[in-house]
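Both ligands and their constituent atoms are indexed starting at 1 by order of listing.
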Amino acid sequence: MELNSSIEKEFRLSPRQKTALGKLGLETIKDLLFYFPSRYENFSERKNIVSLAEGDKTTVFGEVLEASLGKTWKKKMAISEISLGDNTGIIKAVWFHQPYMAKMINVGDKVALTGKISRNKSGLFISNPDFEKISRYEALGEGSMILPVYPETSGITSRWLRFAIQRILNSLEKDIVDPIPKDILKKYHLPSLKSSLIFIHKPRKMKDAEAARKRLAFEEIFFIQMARLCQRQEREKYHSLKIDFDREELEKFLYSFPFKLTGAQKNAISAVSGDMRKNSPMSRLLEGDVGSGKTAVAITAAYLAISAGYQAAYMAPTEILAGQHFESFIEYFSELRLAPKIGLITSSGCQKFPSKVNPSEATKISKAQLLKWVVGGEIPILIGTHSLIQDSVKFKNLALVIIDEQHRFGTKQRASLAINKSENAPHLLSMTATPIPRTLALTVYGDLDLSLLDELPAGRKSPITKIINPEERETAYSMVREELKKDRQAYIICPRIDEPDPEKEMTILAKSVKEEARRLKKEIFPEWEIGILHGKMTPQEKDDVLSDFKNNKIQILVATSVVEVGINIPNATIIIIEGAERFGLAQLHQLRGRVIRSSYQPYCLVFAESKSQKTTERLKALITAKNGFELAEYDLKIRGAGELGGGKQWGVSDIGMEALRNIKMVEAARTESQKIIAESPDLKNYPLLAQALKNRVKQIHFE
Ligand code: ADP
Ligand code: MG
């Protein structure tokens, strides 16, 4: 079989299977070969039914003797039930809440069930086991007792995938080209690509599968790092506008801030100004917890660029943030004798500009006018959303690009601001408040130098975080009332925008912004003004609500996690988060950051829908962890690799995320890629690697 030929050509497929394969993103034989099992049925640990005991976690294989769908009479909960028999005995298996199981399993089917053996009045049973239909032949093992289980979708079963992939493996004649240099494989004891593919799909021992996963995980992060280093090299070929500055003038500017810089801010500013002095472009990432004061660093960088007579652009991920930064910039610069003109451009057609009469207020101007002033250089600072990278936006001499919450933009969007706007590449300052584990940062930001703002401004109180049980709701609300009486304000975060869709049982529990706002106004806080904020509102509506909240016309803002990034309302001191288990820890930390903006004591009250031990354990980390980075590490450690779906937003697959749990592996990948680039910058000595990188670049550029 040719690796590049389509699956359709090699296998007979029903229309339903075709659609399902499409949904899984599988087109070619090669795609199938790189579609990896999510787990294995290990029949070498299989037990006969007669020898099962309560508490065992095991796999049993047998024939379905009975199958039925029923309801528990107390709670009307759907239960599917089967009896499974092998030569030694019979056991029941029960699935709660999964009526569709009864449809999937028929009397006479041969199945393997994996789960925990429990006991009730009528004897032993397996509850909610994983199940696989298999043939006796497979169960008894064809040499191997380990069966791969693949992620399914309706229309394609794990069984079909196993069958297809085994056939492909058997027909592999030519050696599969291994793009990773042999000496690297040898040094880190990694199997070759061909062995890895065989090991992962057809392991004889679990150890083989582990070795294969290790190699494939290494490969993924090695490729990402190679790609990032190549990008960096590309950028370094460009010249940038060299920015000389007068140290005294800079000191004066910094002195005009309404606060004293933290040590971390000073370090970051000195790294940034040092970078900008060079005539090769800066590539720096400023990573700092919410409230650590990244804006001041960004504004200083912009100040340096415009003082040298050049322009600066600032790109934010949402209109709310762009608007907020527009105001901050106007404020910071208003202290200067000759305040620079600052423009705001957003996709909803909003173009603003500080008014001549009262510079702290904005006037709307036409887009044409704004663009004319930008290309003419009369506007030295342009702030905006994605609309900054439209072709129509041209600068006179753009020297600096600042990107806020940079991971929200694709690499391509970032690159187009960073390179294509002029012959010179502007200096690039990326910023993020998203705390990510060090291993992930080393990988996905491999092309950037890092400045950390790991110090909160003096005078900030650390938040009091409480996990609230359902019966303590009233206590929580009285805490909110206390704050409001002191003239402070509150956020209440809900997981959803609208009322639940009655068809979708799963969402019924989650509170919705609209419904909750109504309930709070009617039953809990009738004497206070309540506003709502969510992603489906128009930019104008959002602006209005935020400005009402800022001016304390609204005391309680009920919102979705849209407030997670960057909203800055120092007078808000208490935040309630509903359905907290639906959020990642790092995200909860971001939300909590909304109330750590002033010298008042902040409170964060976390409500969970589930009382499970695991949920509580996890949420407790919010109280014990010292900062967002620790929480991110914690999330990486305690959640299974499968649950780390979050890797997708970074362009890292589940298997790659496994590698990120291993700092040694990440550092090895980094060392080796740096060595290769240093030895052969254009990869001439590594043609296989160069080719493989080219093929993968699509995946690695996460769009
Ligand atoms: P973030 O890093 O989340 O973007 P901001 O730049 O928005 O943080 O700063 C958060 C708040 O802290 C702002 O109100 C800002 O004026 C204030 N701030 C920033 N740096 C300092 C400092 N060194 N001392 C006191 N307050 C500061
Ligand atoms: Mg910010």
Side-chain angles (χ1 to χ4, degrees), residues 250-251 253-272 284-303 314-335 360 383-385 402-409 429-436 450-463 488-489 491 546 549-550 561-573 575 586-602 604 627-629 631:
L250 174 61
E251 291 295 333
F253 178 66
L254 297 177
Y255 193 72
S256 75
F257 289 1
F259 45 72
K260 248 180 86 196
L261 292 171
T262 64
Q265 281 170 319
K266 281 188 196 152
N267 289 342
I269 287 173
S270 107
V272 165
R284 186 165 288 277
L285 176 69
L286 181 60
E287 202 179 1
D289 239 345
V290 280
S292 58
K294 293 184 290 297
T295 313
V297 178
I299 282 175
T300 308
Y303 164 82
Y314 187 119
M315 184 158 78
T318 64
E319 304 208 352
I320 297 181
L321 283 175
Q324 209 169 271
H325 278 116
F326 176 62
E327 282 168 24
S328 304
F329 269 66
I330 292 178
E331 211 172 294
Y332 274 85
F333 281 112
S334 64
E335 298 295 325
S360 66
I383 294 171
T385 53
I402 301 164
I403 301 182
D404 200 4
E405 290 304 327
Q406 56 113 26
H407 67 277
R408 303 220 161 197
F409 300 100
L429 179 63
S430 275
M431 304 199 288
T432 182
T434 306
I436 62 171
L450 201 64
S451 285
L452 271 187
L453 293 188
D454 50 5
E455 182 184 348
L456 284 187
R460 295 276 166 78
K461 295 222 168 54
S462 58
R488 304 283 94 79
Q489 290 164 278
Y491 291 101
L546 274 178
F549 194 50
K550 200 164 201 164
S561 58
V562 288
V563 299
E564 169 199 342
V565 270
I567 304 269
N568 184 14
I569 313 269
N571 194 46
T573 53
I575 185 167
Q587 200 185 5
L588 289 170
H589 176 73
Q590 298 274 85
L591 287 167
R592 175 170 63 184
R594 294 309 104 217
V595 292
I596 319 179
R597 306 244 122 198
S598 64
S599 49
Y600 305 122
Q601 174 62 55
C604 173
N627 54 41
F629 299 103
L631 285 171

Item to complete: Measure up the F253 and F257 rings against each other and bin them: parallel (under 30°), tilted (30 to 60°), perpendicular (over 60°).
Response: perpendicular
Fill in: Centroid separation Y314 to F329 less than 6.0 Å
yes
List ligand 1 atoms under 4.0 Å from [X], heavy atoms only on the residue side.
| X | value |
| --- | --- |
| S292 | 2 (O), 8 (O) |
| K260 | 22 (C), 23 (N), 24 (N) |
| Q265 | 19 (C), 20 (N), 22 (C), 23 (N) |
| L261 | 23 (N) |
| T295 | 4 (O), 5 (P), 6 (O), 7 (O) |
| T262 | 23 (N) |

Treating [X] as the side-chain partner and [Y] as the backbone partner, does any N or O pair qualify as donor plus acceptor under 3.5 Å?
| X | Y | result |
| --- | --- | --- |
| Q601 | S462 | yes |
| Q265 | A296 | no |
| K294 | G288 | yes |

Discussion item. Geometry only, no angles: is F259 polar-contacting ligand 1 at N/O separations under 3.5 Å?
Written reply: no
Worksheet item: What's the spacing between E319 CD and L546 CG if we round to 0.5 Å?
Response: 12.0 Å
Discussion item. I'd like to know whether ligand 1 has P570 as a neighbour, heavy-atom separation below 4.0 Å.
Written reply: no
